[in-house]
Amino acid sequence: MDLSVVIPAYNEERRLGPTLDAVGRHLDATGSRWGSWEILVADDGSTDATRELVTVRRDSRVRLVTGSGSGNRGKGHALRLGVAASRGRRVLVMDADLATPVEELERLEKVLAAGGHAAAIGSRAVPGATLGERQHRMREVLGAAGNLLIRRTTLRGIRDTQCGFKLFDGDKARAAFAASRLNGYAVDVEVLRHFQRAGWPVAEVPVHWSHRPGSKIRPADYPRVLRDLVRLRFPAPKPADVLAAVLFLAMAVTLYSGRVLDPAHRYLTDSLQDQNQWEWFFAVTADNVARLRNPLFTDLQGFPGGVNLMANTTMPGLSVPLTPVTLLFGPAVSLSLVMTLGLAATALAWYRLIVRRLVRQRAAAFAGAALAAFAPPMVSHANAHPNFVVLFMIPLIIDRALRLTTGERVARDGVVLGLMAAYQVFLGEEPLLLTALGLLVFAVSYGIARPDVARAAVRPALNGLAIAAAVCLPLVVYPLAWQFSGPQSYSGIDHGSATGVGNSVRALLSFAERSLVAGDAGRADALSLNPTEQNAFYGWPLVLLAFAVATALWRRPVVRALACTAAAAAVLSLGPRVALPLTGVTVPGPWAALAGLPLFESVIESRVALVCAPALGMLLALAVDRLARARRLGAQYAGLLAVCLALLPLIPAPLKSGPRAPAPAFFTEGAWKAYVRGDETLVPVPLAEPEAAEALHWQTAAGLGFRMPGGYFNGPYGDGDRTGVYGVPLRFTASLLRDVRYTGVVPVIDARARAEAREDLAYWRAGALVLAPQRYEDRLRETVDKLVGRPGKRVAGVWVWDLHQGTHDGS
């Protein structure tokens, strides 16, 4: 069949007859180029004589197409039926009102016959188009607005999608309409979008068009079209994608099963003091927002210096919008929600990136995303560092950066990338820095593998990055200025090792402490800073698998780039000095060139190994996808078995948790209020510090009603030294009490010690000292008794020394 003409019809008994006559005459006319043709009237539940008008015709080339069921379902449904029944080499879709004369068909066919296009669509909006009788002015305005909206949001490059006169390559039309899902008037947009995505060129051809009375478009159809455009722009997820999201959430809930059901009364034991710190961050942010205070600073701990909150990763991108949750349910609930849902969202974001960029096989993408989000170093950080767990923006940033390289929509993608980067700054700057480092290595590696692609991508990428920077910087310049130059800002930070805190080669090849089947806490502790910084531990089976995948698929440029990215990140994570295995020899590492640079100076270099997780996850996805398409079952089964054996030791056990010690009634019942006047502080005995920050929990339990010296945060070493440290420099009294906490030895308290204590308490503006039940409680109480010059008083479960009674020396 040379041509199929498909006409959707709903109650068209008045207009359809003359249209069928006109189309038939034209196609039969002398000189017509159409040898064999058919007209298919796709009825959409007509209630008048439309069907009979077609069936009584004696011309077998005019056929009626109807679907099962009854009722009017829409133009899209009718066209889907009609095009599916067509047999033509060309398919013309036209309206029953003949608003565009059938003679315009020759213009469209001429374009298709010239080659290079898969569809030629009639247009009223391109030069050369002519208009006869015009429609109502309001409909013209709504139509123009609709076309503008379509071009801006859904279908770029086509100025008139709704003209009812379109000629398609037959096979491609049948494929596109079969893939369509919309039943309304937006089906034209959906089909043309299918053509664009498939790379089938579409040409707009100017035609003559006249308004015809009897239009079936009603006012209610306009919002329906808008609804369908939203559905096109944000299509419903596939069942496999929904299943992946559910499984990721189940995995996150299982990992946090020890805390997720009762976050206020459970504590992640491997988080050390970080859970106390992060709950305090969420609480103080919510308090600042609720009281309209500066969200970048507080003096509630570290008094009188205070805390530069922007210089501490408080995640205002989530802690600020979660203020209502924090105020209503407490910071423990907010933190639990952020870490559990954030981890699942991160896995889903990696899954989406892998599906869009690497593989279509959903099981392969799931395996890769699961490794990227639940790799051993990610599980280690899941104990205490939400800024390294909640990374859902990172895959989105990577995808948007890759879009820039195509040279399409550079301005728009640059703006979006800038907004994304700005938001990530308020979630975590260090992950953004590591992402930029990983992307740079990937880009260089891919450029070496495909120099032709790199040359074409450089200019649009640089232009887009410049636009992104222009958008991002104004949004973050003030917070960053506050972070690096504001009160209590610092430069660099001392991580406690002069030789760096990089990984060892053994750490990269060993198994993590939380491995369900191969965990060894002793070995992991010996190879890492602490349980929250086990930043490698990918295991030798996964390393061997990655090497095998890279070798087998080395011809693919993306595999080379991913392998180089993972290898470079692993080597950089070894730190500035690398110990060669089994030799006792130490050599300079590549990180030495970066360690002293701005921003990099504060990075714990072992964390660079986190970049390996998504790179290895993507290599895994490519391998599983390749195995799924393998022709030999033996090779397929052997490969999948190797994958399972490599991943088995990486399956994490749920994070360890235990009951949380309740805050003393002195804080929860408000007894503290009698001892604090004006801007005075409560001084915990000993002061809160990074190794023992339970006092932060007491402060949040008291509704942040009092200030206190000491604490657990990052700040400068002192007034003249801006080197970053954890906590605050210890004054005499703080150091003395700390020694008693860890040794149980009561020091000699003389007049000089009491004088130093008076000076410290005045510096802290102390209203009272408070000793809660703890190890060496009696000896701490004896020490404070001697320092203050009188015994403390037992109040609501704690010992209190009210500094408003007499003088500090007891006279």
Side-chain angles (χ1 to χ4, degrees), residues 272-320 323 326 331 334-335 384-387 425-430 478-494 602 676 679-684 686-719 721-731 734 760 763-766:
L272 307 178
Q273 294 300 314
D274 286 13
Q275 184 174 333
N276 285 321
Q277 182 194 54
W278 275 99
E279 289 177 3
W280 187 88
F281 283 158
F282 273 75
V284 76
T285 300
D287 186 68
N288 280 340
V289 172
R291 298 175 185 270
L292 300 180
R293 294 172 177 161
N294 181 0
L296 305 180
F297 184 81
T298 184
D299 61 358
L300 286 172
Q301 66 168 310
F303 190 87
V307 182
N308 187 322
L309 295 174
M310 191 63 198
N312 289 262
T313 310
T314 58
M315 298 185 74
L318 288 174
S319 58
V320 169
T323 290
T326 303
S334 292
L335 180 63
H385 300 150
N387 54 314
V425 166
F426 297 109
L427 294 179
E429 297 166 49
E430 193 171 343
Y478 179 78
L480 292 181
W482 184 279
Q483 173 180 342
F484 293 108
S485 302
Q488 293 300 95
S489 59
Y490 58 90
S491 60
I493 192 164
D494 180 11
S602 297
V676 178
D679 63 352
E680 292 178 341
T681 67
L682 279 180
V683 180
L687 273 67
E689 59 176 333
E691 293 83 5
E694 189 65 20
L696 273 65
H697 175 53
W698 304 338
Q699 192 182 36
T700 58
L704 300 177
F706 60 85
R707 299 175 177 86
M708 64 183 184
Y712 179 18
F713 57 92
N714 296 342
Y717 183 75
D719 293 337
D721 186 349
R722 295 184 64 247
T723 301
V725 293
Y726 295 98
V728 297
L730 296 180
R731 298 178 69 88
D760 291 341
Y763 176 77
W764 293 327
R765 301 181 196 173

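For the single chain, residues carry numbers from 1 onward in sequence order. When reading the values below, keep in mind they use all heavy atoms of this one structure, side chains included, and skip hydrogens, waters and symmetry mates.
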- request: Write out all pairs satisfying salt bridge (charged side-chain N to carboxylate O under 4.0 Å, His left out) with one or both partners inside residues 298-313, taking only residues at least two apart or from two chains.
  value: D299-R707
task: Sorted by first residue and then second, give each salt bridge (charged side-chain N to carboxylate O under 4.0 Å, His left out) pair with at least one member in residues 482-492; sequence neighbours left out.
output: none
Under 3.5 Å donor-acceptor pairs involving side-chain atoms of residues 284-293, not counting sequence neighbours:
unit_1 : atom_1 : unit_2 : atom_2 : d
T285   : OG1    : F281   : O      : 2.8
D287   : OD1    : R291   : NE     : 2.8
D287   : OD2    : R293   : NH1    : 3.0
N288   : ND2    : N294   : O      : 3.3
N288   : ND2    : F297   : O      : 3.4

Donor-acceptor pair, [X] side chain versus [Y] backbone, under 3.5 Å?
{"X": "Q483", "Y": "N308", "result": "no"}
{"X": "T681", "Y": "V683", "result": "no"}
{"X": "Q699", "Y": "F706", "result": "yes"}
{"X": "T323", "Y": "V320", "result": "yes"}
{"X": "Q273", "Y": "A693", "result": "yes"}

Could you measure the distance from the [atom1] atom of [X] to the [atom2] atom of [Y]? Nearest 0.5 Å is fine.
{"X": "F303", "Y": "M708", "atom1": "CZ", "atom2": "CE", "answer": "13.0 Å"}
{"X": "L296", "Y": "L480", "atom1": "CG", "atom2": "CG", "answer": "10.0 Å"}
{"X": "Y726", "Y": "N714", "atom1": "OH", "atom2": "CG", "answer": "5.5 Å"}
{"X": "W698", "Y": "W280", "atom1": "CH2", "atom2": "CH2", "answer": "16.0 Å"}
{"X": "E689", "Y": "L696", "atom1": "CD", "atom2": "CG", "answer": "11.5 Å"}

Looking at residues at least two apart in the chain, or sitting in another chain, which of them share a side chain to side chain donor-acceptor pair (under 3.5 Å) with [X]?
{"X": "E279", "answer": "Q275, R660"}
{"X": "N387", "answer": "none"}
{"X": "S489", "answer": "R722"}

task: Grab the two heavy atoms, one from S334 and one from T326, that are nearest each other, plus how far apart they are.
output: OG-OG1, 2.7 Å
- prompt: Do P479 and F426 have side-chain heavy atoms sitting under 4.5 Å apart?
  reply: yes
task: Check whether any side-chain heavy atom of F282 lies under 4.5 Å from a side-chain heavy atom of T700, and answer yes or no.
output: no
Return the set of residues passing side-chain contact (heavy atoms from CB on, under 4.5 Å) with [X] (not counting sequence neighbours), or none when no residue passes.
{"X": "R731", "result": "E759, D760, Y763, W764"}
{"X": "P716", "result": "Q488, Y490"}
{"X": "P386", "result": "W278, M315, L335, V338, M339, V390"}
{"X": "E680", "result": "V676, R677, H804"}

query: Quick one: salt bridge (charged side-chain N to carboxylate O under 4.0 Å, His left out) partners of E694, sequence neighbours excluded?
result: none
query: Among all residues two or more places apart in sequence or in another chain, which pass the salt bridge (charged side-chain N to carboxylate O under 4.0 Å, His left out) test with D721?
result: none
query: Without hydrogens or angle criteria, can the side chains of D274 and Q277 be said to hold a donor-acceptor pair below 3.5 Å?
result: no
message: Would D679 and R765 count as a side chain to side chain contact (heavy atoms under 4.5 Å, CB included) here? Give the steps.
response: CA-CA 8 Å; D679 63 352; R765 301 181 196 173; 2.6 Å; yes
